[in-house]
Amino acid sequence: MAPSSVLMVAEKPSIALSIASVLSGGRMFTKRGSTEVHEFDGTFLGFPAHYKVTSVIGHIFSVDFPSKYQDWTVTDPTDLFQAQIVKTETNPKAHICRHLSQEARGCGHLVLWLDCDREGENICFEVIECTGFRVNDARRRVYRARFSSVTEKDIFKALDNLAQPNRDEALAVDARQEIDLKVGVAFTRFQTSFFQGKYGNLDSRVISYGPCQTPTLGYCVQRYLQIATFKPEKFWAVQPHIIVDGYELQLEWERHKLFDLDVAMMFQKQVIQDGILEVIDISEKQENYSRPPGLNTVNLLKVASSALGIGPQTAMQLAERLYTQGFISYPRTESTAYPSSFDFKSTLGAMSNNSTWGNYVRRLLADGYHKPRLGTDVGDHPPITPIQLASENMLGKDAWRLYQYVCQHFIASVSPDCKYVRTKVEFSVGGEFFHCIGKRVTVEGFTCIMPWLAVSEKNLPQFTIGEKIEVSKVDLYEGKTVPPDYLSESELISLMEKNGIGTDASIPVHINNICERNYVQVQAGRRLVPTTLGITLIRGYQCIDPDLCLPDIRSFIEQQITLIAKGQVDHSRLVQHVLQQFKQKYCYFVKQIDKMDSLFEAQFSQLFDSGRVLSKCGKCLRYMKYISALPSRLYCGTCEDVYFLPQKGTIKLYKELTCPLDNFELLLFSMGGPEGKTFPLCPYCYNSPPFEGIDKLFGASESGNFGKLGKGAGMPCFLCPHPTCRHSLIAQAVCACPECSGTLVLDPVSAPKWRLYCNMCNCLVLLPQGAHRIATTRERCPECDSTIIEVDFNKNTTPLEDGATLHIGCILCDDLLHSLVEVKHGKSFFKRMGRGGRGRGRGGRGRASARRGDPRMSFRDF
DNA sequence: GCAAGGTC
């Protein structure tokens, strides 16, 4: 009987490799593919079997709305709460689903080695779906391997105790995905649409909302508000000094400080009047300063931010690289407990050849390293440890600093605790009590390797109980309470972890998000300072519905979906119930948005306060202002009208020319880059096309760039069918586009690099270069109906005989003109034009399908 | 254009 095939799937390629290496004893064949497949023969459940071990790369699918909900202008966000959702491949190019389906063919068993958490359980079912296995199929069985580390012992143990995937846990993740998507997208679309373009200096592409990012921002703003509303208070402290063995010693007051000057002065007077201190108690205490447990992601990120000045996003990227290069272990883990099988000796051995800590490590190995602290084992991955020794020039500066910390932390975790003796001497004088504290280190322990954590020693002179000492002076210290500093990134990470906002992998993403959305800025010492936009948003939520920005919103969702995970409630009933609650909150928020808007009004300038004057309004003939903040637009302060403009380019006045239809001054818009189009437009027509159906007639709504710009239909002059205006399509069109159903029009300001561009796609045709002037005429070519153009060559470079400069003809049918034009598409040549080209490349793809409804001849006929 | 979660 042929051995049956077993397909095993892990969450990432590295785990697949580890599992295959263990099960095959290193004798396997590795096949490339979407992800690697490791094959070998062995026994499975007591029978001979052929193994194939492969992996996914995280989630295979992610959720989104169907396309009919994708257009912001037609979808009411309220409808999103009841919308269908679809799962699509997260990374279609990776073809993971196809890969799994192919590998599963002919396999009689599927073993799921996904990470043992809820997300992993969810991915199990994604894998099952792709492979075509069914959970309760007696002929093709599905098994779940449960493992807490990728060690030989654990892998074999898991294989001997195969279980079933847990659908409830997977459904809990489905629920979270749907709730996060619907709530996040609904709020984001609404507030973006509401505020975007309303205020002049509100510069934001999208004003996002999310159950993780918004509470994260909330923490930063909360601290900001504490600082902003802080009222400093004066306080006073009595500070007696004594001189012992020639050294002056300042004593601390048992009352610490008082906020009443008169009372503090009264105590000072009492101490001065007495003038003699009595030692009333001396106590010594052994203090233990614990070595750290194993390093997990969150702690690495905190140290990276606070001590190394490396932000979480960058720190994770560096750690990821160190991991793939084999210098450190897997960097995404919550666990701080080392697996029982961890080989401390060899890891320490690897560390012993370093010049900074090598000596220490060798001593540790010789004297016997310490058992690490217990830590917590979440069952995901072992703590982050070094794997092999690296040097600075192997890694680069920041990667080296991060790596160095991983090494130091590891060594510290198996070092002795630091121990010191704390001495407290207490005094009384004038009925008041004072003390001083000394510290003497007895065992440096792990602080040798983490010197920045060293206990600072303080020596005290010898005192005896009952001893009387003269007070040398009594100061009254005056201080002022100070506000806290802005929230540090490291503090924020702690808060997020504690309150269950995000995970070790996603915490850096959320922090990055609120930076990118312009809600906070990272300032010196990696402290997060909220921007006006960030503050105004949070204050707005606080006015309307504080729940929206509180951390509880995340824990609420988590706690609800946990009911699904435990099988206590039905998945879809719970999702409907939670969404109903959020929908109510959403509707209330929409109803109350004026409250938030009034805060925006106070913080952001109205449109008429900002912008520079650019062009004249055709209605009132006064100048309008150009507002460059996105989305860029014109604002007429007199008419109080807004005219949206094409985005992502530069705009200027076009020679004070005006539109014959509405008298608005024309503008010239240039898209970026050397091959970007430049075209004229009338601000009024651009927003309100004068001829019905114009956008549809010319396909502008599908042409990508123009139909969707700003909030108008987006009709520049090159789409305008005005019969006599010299800027219209009718006047500037030359011939059909060789690439699409558009029309090539003359770029009126392209001299001396004259060119035609397509009014629909990005096809570009270069005209005779260096010509003095090129213009369209009203004549048509009798052969192909293209517009006859007039070229006035430069007299020094004219190709015409006898030094003549003026030539009139059709660029398709006139031999001379045709030999001087060149088709460009984006940055590369794609087609050889005409008969006589001078060494231009041949080949390229075939032409586009037949013209639709454009009577003019095309390039095809050459 | 939008969320949060996995991994690269």
Side-chain angles (χ1 to χ4, degrees), chain A residues 10-16 34-36 55-65 69-73 75 77 80-81 83 85 87 89-91 93-94 96 114-127 170 172-194 196-197 204-216 297 316-317 319-321 323-325 330-333 380-381 496 500-514 516-517 553-554 557-558 561 579 582 630-631 647-648 708-711:
Chain A
E11 192 157 319
K12 42 192 166 278
S14 62
I15 303 275
S34 291
T35 56
E36 289 187 334
S55 73
V56 293
I57 313 167
H59 276 288
I60 308 172
F61 300 108
S62 33
V63 290
D64 203 350
F65 295 106
Y69 293 100
Q70 296 294 352
D71 188 339
W72 291 38
T73 54
T75 303
L80 295 175
F81 289 95
I85 54 169
K87 282 198 172 194
E89 268 194 89
T90 302
N91 182 359
K93 284 185 194 151
I96 297 293
L114 284 306
D115 290 0
C116 294
D117 52 22
R118 258 182 216 170
E119 297 296 331
E121 221 55 34
N122 186 266
I123 303 175
C124 281
F125 287 89
E126 296 185 347
V127 170
V173 171
D174 282 345
R176 198 218 64 234
Q177 290 175 342
E178 182 169 350
I179 295 165
D180 283 347
L181 175 75
K182 292 184 169 176
V183 174
V185 173
F187 276 90
T188 299
R189 285 193 189 175
F190 170 69
Q191 54 184 32
T192 302
S193 309
F194 187 87
Q196 195 182 53
S204 204
R205 230 179 72 254
V206 51
I207 303 174
S208 58
Y209 175 87
C212 284
Q213 56 173 273
T214 303
T216 302
T297 308
M316 276 323 283
Q317 283 162 3
E320 186 78 41
R321 221 179 68 214
Y323 161 65
T324 49
Q325 291 173 335
Y330 190 70
R332 275 190 289 269
T333 177
D380 49 355
H381 298 272
M496 292 174 76
I501 297 177
T503 64
D504 49 359
S506 70
I507 282 173
V509 180
H510 299 311
I511 298 180
N512 203 47
N513 258 341
I514 60 171
E516 278 193 342
R517 299 278 153 77
I553 204 152
R554 190 77 204 144
I557 295 174
E558 288 292 332
I561 63 164
L579 284 175
F582 275 107
L630 294 177
Q647 308 292 309
K648 291 181 190 161
K708 290 179 180 166
L709 291 181
K711 291 191 176 169

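To find a chain, count down the sequence lines: A is the first, B the second, and so on, and within it residues start at 1.
Under the ring pair (Phe, Tyr, Trp, His ring centres under 6.0 Å) criterion, Phe81(A) pairs with Tyr586(A), not counting sequence neighbours. Residues satisfying the salt bridge (charged side-chain N to carboxylate O under 4.0 Å, His left out) test with Glu89(A), not counting sequence neighbours, are none. Considering only residues two or more places apart in sequence or on other chains, Tyr209(A) meets the ring pair (Phe, Tyr, Trp, His ring centres under 6.0 Å) condition with Phe187(A), Tyr541(A). Partners of Ser62(A) by side chain to side chain contact (heavy atoms under 4.5 Å, CB included), not counting sequence neighbours, listed by chain and number: Thr90(A). For Thr324(A), the side chain to side chain donor-acceptor pair (under 3.5 Å) criterion is met by no residue, not counting sequence neighbours.
The nucleotide range of DNA chain B contacted by chain A, defined by atoms under 4.0 angstrom from heavy atoms of the protein and reported 5' to 3', is dG1(B) to dC8(B).
Looking at heavy-atom distances under 4.0 Å, Arg554(A) makes contact with sugar-phosphate atoms alone, never a base. Within the nucleic acid shown, Arg517(A) comes within 4.0 Å of sugar-phosphate atoms alone, with no base atom in reach, counting heavy atoms only. Among the heavy atoms of the strands, none lies under 4.0 Å from Asn122(A). Among the heavy atoms of the strands lying under 4.0 Å from Pro211(A) are primed sugar atoms or P, OP1, OP2 only; no base atom is included. Within 4.0 Å (heavy atoms only), Gln317(A) reaches no atom of the nucleic acid at all. Residue contacts for Thr324(A): at a heavy-atom cut-off of 4.0 Å it reaches no nucleic acid atom on any strand shown. Val63(A) comes within contact range of at least one nucleobase, with a heavy-atom separation under 4.0 Å. Among the protein residues, Gly502(A) comes within range of the sugar-phosphate backbone only, with heavy atoms under 4.0 Å from sugar or phosphate atoms but none that close to a base. At the heavy-atom level, Phe187(A) lies nowhere under 4.0 Å from the strands shown. Heavy atoms of Asp174(A) sit nowhere under 4.0 angstrom from any nucleic acid atom. Tyr330(A) comes within 4.0 angstrom of sugar-phosphate atoms only, judged by non-hydrogen atoms across all strands, and of no base.
Annotation: of the two residues near DNA chain B, Asn91(A) and Asp64(A), the 5′-most nearest-nucleotide partner is Asp64(A). Projected onto DNA chain B by closest heavy-atom contact, Glu11(A) and Leu181(A) fall at different nucleotides, the more 5' of which corresponds to Leu181(A).
Taking the charged nitrogens against the carboxylate oxygens, Arg332(A) and Glu320(A) do have a contact shorter than 4.0 Å, which makes a salt bridge.
A distance-only check finds no donor-acceptor pair linking the side chain of Thr35(A) to the backbone of Pro13(A) [under 3.5 Å].
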